[in-house]
Amino acid sequence: AAESANAAGWADQAKAWQGDLASTLGKVSENASKAGAGLSESAKLAQQKAALAAGSAKDRLEKAGSGLGSSISGIGALAMSPAKLMQAGGIFMLGLFLISLSFSFLPLLPINPAKFALLFALGSVTMLGSVAWLKGPQAFAGIALQRDKLPFSASYGVGLVGTFWATLIARSYVFTAVFAFLQAVGLLYFIASFV
């Protein structure tokens, strides 16, 4: 008799918790609908402000000149070819994977610099190759040889060739580290300037 009374007490307790839970979930649902309505009004206002800002930005862009307009049309061309953008993204991710893999060999740099340096160099060439794939080889070469980018292009080239020399010929981990750093600076500048 005591067990059935205890079981009935547990059943009553469970029904009370179920009622409390249903009431709480109902209140949460009501508050979520109110918040959603408030967000949709805020979203409409933000959309109007964005359209106004885009219109004024477009007017300023048209006034800025043809040099800026041609680079914007290049961005527009990217939007029209998502397959090319996906291919470039895949190539970039492969390069990022190779560079991250090279960092796993960084502690072994004094013992065997070739593992780190070759993976790092191959990864950086692959990452720049993704930008060249996206822009086109001639456009990429033209951009890399611009006067303001020329020092970084030279540092990347010297770093890349120097990394191979220090790794394969000199077998010096100090030179490998120096040239890999030079290569990384050039690579980071290129990636930052193309984004």
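Excluded from the calculations below are hydrogen atoms, water molecules and symmetry mates; all remaining heavy atoms, backbone and side chain alike, are included.
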Next on the checklist: List the residues meeting side-chain hydrogen bond (donor to acceptor under 3.5 Å, both in side chains) with Ser124, not counting sequence neighbours, and say none if there are none.
Outcome noted: Tyr156, Gln183

Using 0.5 Å steps for rounding, measure from the [atom1] atom of [X] to the [atom2] atom of [Y].
{"X": "Tyr173", "Y": "Leu108", "atom1": "OH", "atom2": "CG", "value": "13.5 Å"}
{"X": "Leu98", "Y": "Phe120", "atom1": "CG", "atom2": "CZ", "value": "11.5 Å"}
{"X": "Ile91", "Y": "Leu134", "atom1": "CD1", "atom2": "CG", "value": "9.0 Å"}
{"X": "Ser102", "Y": "Leu122", "atom1": "OG", "atom2": "CG", "value": "10.0 Å"}
{"X": "Phe97", "Y": "Thr126", "atom1": "CZ", "atom2": "OG1", "value": "11.5 Å"}
{"X": "Leu94", "Y": "Ile99", "atom1": "CG", "atom2": "CD1", "value": "10.0 Å"}

Next on the checklist: Using a 3.5 Å distance criterion without hydrogens, assess whether the side chain of Ser153 forms a donor-acceptor pair with backbone atoms of Ala144.
Outcome noted: yes

Might you point out which heavy atoms bring [X] and [Y] nearest each other, and give the distance in Å?
{"X": "Phe116", "Y": "Leu106", "answer": "CE1-CD1, 3.7 Å"}
{"X": "Lys149", "Y": "Ile143", "answer": "CD-O, 3.5 Å"}
{"X": "Leu160", "Y": "Ala121", "answer": "CD1-CB, 3.7 Å"}
{"X": "Thr163", "Y": "Ala180", "answer": "OG1-N, 3.5 Å"}
{"X": "Thr176", "Y": "Pro113", "answer": "OG1-CB, 3.8 Å"}
{"X": "Gly159", "Y": "Leu182", "answer": "N-CD2, 4.0 Å"}

Would you kindly confirm whether [X] and [Y] end up in one hydrophobic cluster when ILVMFWY residues are joined by side chain heavy atoms under 4.5 Å apart?
{"X": "Val178", "Y": "Phe152", "value": "no"}
{"X": "Phe105", "Y": "Leu168", "value": "yes"}
{"X": "Ile111", "Y": "Leu118", "value": "yes"}
{"X": "Val125", "Y": "Met93", "value": "yes"}
{"X": "Leu187", "Y": "Leu101", "value": "yes"}

Checklist entry - Hey, does Val158 have a side-chain heavy atom less than 4.5 Å from the side chain of Ser155? => result no

Next on the checklist: So Leu145 and Leu150, do their side chains get closer than 4.5 Å, heavy atoms only?
Outcome noted: yes

Item to check | Flag if over 12 foreign heavy atoms under 6.0 Å of CD, Gln146 | outcome: yes

Checklist entry - In terms of heavy-atom contacts, does CZ of Phe175 have more than 12 from other residues, nucleotides or ligands at under 6.0 Å? => result no

Checklist entry - Hey, mind stepping through Phe190 and Val131 against side-chain contact (heavy atoms from CB on, under 4.5 Å) and telling me if it holds? => result CA-CA 9 Å; Phe190 274 125; Val131 175; over 6 Å; no

Checklist entry - In terms of ring plane angle, is the pair Trp165 and Phe179 parallel, tilted or perpendicular, where the classes change at 30° and 60°? => result perpendicular

